[in-house]
S.K.: 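Supplied in structure tokens, the structure appears directly below.
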Number of protein chains: 4
Amino acid sequence: MRNVALHRVRYAETDQMGVVYYANHFIWFEIGRAEFLRAAGIPYLELEKRGIFTPVAEAYCKYKTPARYDELIEVDTSIVALKGARIRFEYEIRHHDTGVVIAEGYTVMAFVDRQGRPIAIEVACPDVFEKLRSVVTESRWGAKHHG
Amino acid sequence: MRNVALHRVRYAETDQMGVVYYANHFIWFEIGRAEFLRAAGIPYLELEKRGIFTPVAEAYCKYKTPARYDELIEVDTSIVALKGARIRFEYEIRHHDTGVVIAEGYTVMAFVDRQGRPIAIEVACPDVFEKLRSVVTESRWGAKHHG
Amino acid sequence: MRNVALHRVRYAETDQMGVVYYANHFIWFEIGRAEFLRAAGIPYLELEKRGIFTPVAEAYCKYKTPARYDELIEVDTSIVALKGARIRFEYEIRHHDTGVVIAEGYTVMAFVDRQGRPIAIEVACPDVFEKLRSVVTESRWGAKHHG
Amino acid sequence: MRNVALHRVRYAETDQMGVVYYANHFIWFEIGRAEFLRAAGIPYLELEKRGIFTPVAEAYCKYKTPARYDELIEVDTSIVALKGARIRFEYEIRHHDTGVVIAEGYTVMAFVDRQGRPIAIEVACPDVFEKLRSVVTESRWGAKHHG
């Protein structure tokens, strides 16, 4: 499964180079995975209500073309790995009008409880695990890409 | 009592107009009041540990001159009112090198407990109240300024 | 004229109090006025292309109820004053589902050129001025509110 | 050469998990490289004044322990590669009091002109290149780490 979320670039996100500051792409990744999870029937908020938190363990972004103020951009999100207490999301950010790629990247998240201890999601919440497992797809970039 | 905190303007804080985006001044206000409270012997973190939270009820900023990347700025903070479950901080942000004013403003904060219910700080934590009361100063701008 | 823009609260916008950090409301004001101007036929980007910039001169927000992660919020925006080189926007932020008010506030913006010098918009860009003038409405709060 | 920059964690940087939101670490990387360049005698602002800009081409962060509100953290920065139109910075973020690692990562930046075209820094600004080259150190993690 893939899911595409839309976002309008704000003034707050630009910097004095006239383009979007590089940390914002990681916030766009968050938009992507929130909408992905909602579309997959597992809103992140429900995970937290069930005592499951997903701090980020790794984050990577490759910047290809600048994003500019007021552009409509899209975040194309997928889950490409799910094992043990970890899940890996991949993202491609594109200019909505042209499809030109702005950035691509991934995040690895851990499943932990409220105290920050790892959770074996498969055991602790088999229904969530099953839903997640059913939407895992192959990586767009495969092994060539960043460990 | 007044307290002056320093901050170096970051690239992340600028926007495509080439100056600092206006929401960041409110984050600088936060730096100002955190350092004020530390200097007054009441680190904000200790308030939270004692179950006192201070959500912002009102915030105002008047922008006088732009702040730019890499400038050293200073946030001059004071408490100008303390009554019931409310406290009012005032701020003047200046270019550190020239003293030229960048912005001035205020925030009003409420004292609440973990559930968000108002706390009469004077009754609940008389020692905190007394420390705060002892550092209240007159408003720099007085009644002329914003309600 | 009023315009209502929607926004989904992100994790990045929350703080450790479990609610949205107070500076983010000013970014939501930006969303409000960008969508207002677009709806009024004067996209902000076109203003900049014509050499008109609108730095914020004053900003105020009164916080009424917390906004929380993943909520859909709406920013109801209007222009309530336009004179000389200044324009005043008013905002009401509400929970989209219930209509309960999260915050209300205003910003005053100046019209300046690329060098930051004030522009008499009425003279310099009469077509823009006329469009803006035609959508001015009365203040929701009137004189009772913040200077 | 290594350079260590200090930063006090702000409330604005936390999220409802009670720790620092993951995009902020990339802003801390910016603090690290700004202070590194200043210490190396090449303030970033001067690069821009000479028409050299350094957009980020790649960014990576591995999160090891959470950072919390009001902690003093340090960003230990070095340059580990410099070739053609690219430069690679490495960062280790630590709790200042304990030295415990919060995160480690890198950014790759391009040298471009105001129009975004690649600059061969060695040819265009040999003095800058020489200063940068003289402070390149070996990677802390070597080849084992992230492409």
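Chain naming here is simple, since letters A, B, ... match the order of the sequence lines and numbering starts at 1 in each.
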S.K.: Is C:R68 close to chain A through its backbone or its side chain, or both, or neither, when contacts mean heavy atoms under 4.5 Å?
M.R.: neither

S.K.: Which residues, numbered in order, of residues 119-130 of chain C come under 4.5 angstrom of chain A by heavy-atom distance?
M.R.: none

S.K.: Write out, in numerical order, the residues from residues 10-20 of chain C with a heavy atom short of 4.5 Å from a heavy atom in chain A.
M.R.: C:R10, C:Y11, C:A12, C:E13

S.K.: Do any of residues 107-116 of chain A have a heavy atom less than 4.5 Å from a heavy atom of chain C, and if so, which, in residue order?
M.R.: none

S.K.: So if I take each residue of residues 22-39 of chain C and look for any heavy atom under 4.5 Å from a heavy atom in chain A, which residues do I end up with?
M.R.: C:I27, C:E30, C:I31, C:A34, C:E35, C:R38

S.K.: Within the 4.5 Å heavy-atom criterion, are A:Y69 and C:L45 side-chain neighbours or not?
M.R.: yes

